[in-house]
Amino acid sequence: SQRLDIARGALGVSVQMLVAGAVFVPAALIRGEPFPAGEVEMSGVLAVVYLALFGSIVAYSAYMYLLATVRPALATSYAYVNPVVAVVLGLTLGSEVVGVWALVGLPLVIAGVAVVVLAQRPDRVRRSPG
């Protein structure tokens, strides 16, 4: 995204999302993706609204801001943090059960994010004379 000539700020994010919708809606229709017939439950509608607002607009805007202000490795660490947040929310709000692999994997994910966050930038590393 840093090499492309994209409008900055909300306009750039909006155009990217609108283009994605314009591409994926026809693709879903061509593939024959099922559309729920009959009544749609309110919990489903609220879930889609929540995902559209926070999962797309807020999260993607924050990601684009981070790409412009911090190093890419730090900005992309959200991809590792999101599963941890999802598991914690599932445990606390959804009464979900965590399996053995999640208990093994979550500390590894957290450690990996810590390494990325704490890593020194290459241009700040001091070079020894010689």
Applying side-chain contact (heavy atoms from CB on, under 4.5 Å), name anything that partners Tyr50, two or more places apart in sequence or on another chain.
Phe54
Mind checking side-chain contact (heavy atoms from CB on, under 4.5 Å) for Thr69 and listing every partner two or more places apart, or none if nothing turns up?
Tyr65, Leu66
What pairs of residues pass the salt bridge (charged side-chain N to carboxylate O under 4.0 Å, His left out) test when at least one of them lies in residues 97-113, not counting sequence neighbours?
none
Would you be so kind as to tabulate the donor-acceptor pairs closer than 3.5 Å made by side chains of residues 94-111, with sequence neighbours excluded?
none

Going by the rule ring pair (Phe, Tyr, Trp, His ring centres under 6.0 Å), which residues pair with Tyr63 if we only count those two or more places apart in sequence or in a different chain?
Tyr78
Answer with yes or no whether the hydrophobic clustering places Val48 together with Met42; edges join I, L, V, M, F, W, Y residues whose side-chain heavy atoms lie under 4.5 Å apart.
no
Verify same cluster id: Val58, Leu51 (apolar side-chain graph, 4.5 Å):
yes
Show the atom names and distances, to 0.1 Å, of all donor-acceptor pairs under 3.5 Å that link a side chain in residues 20-35 to residues at least two apart or in another chain.
unit_1, atom_1, unit_2, atom_2, d
Arg31, NE, Glu33, OE2, 3.1

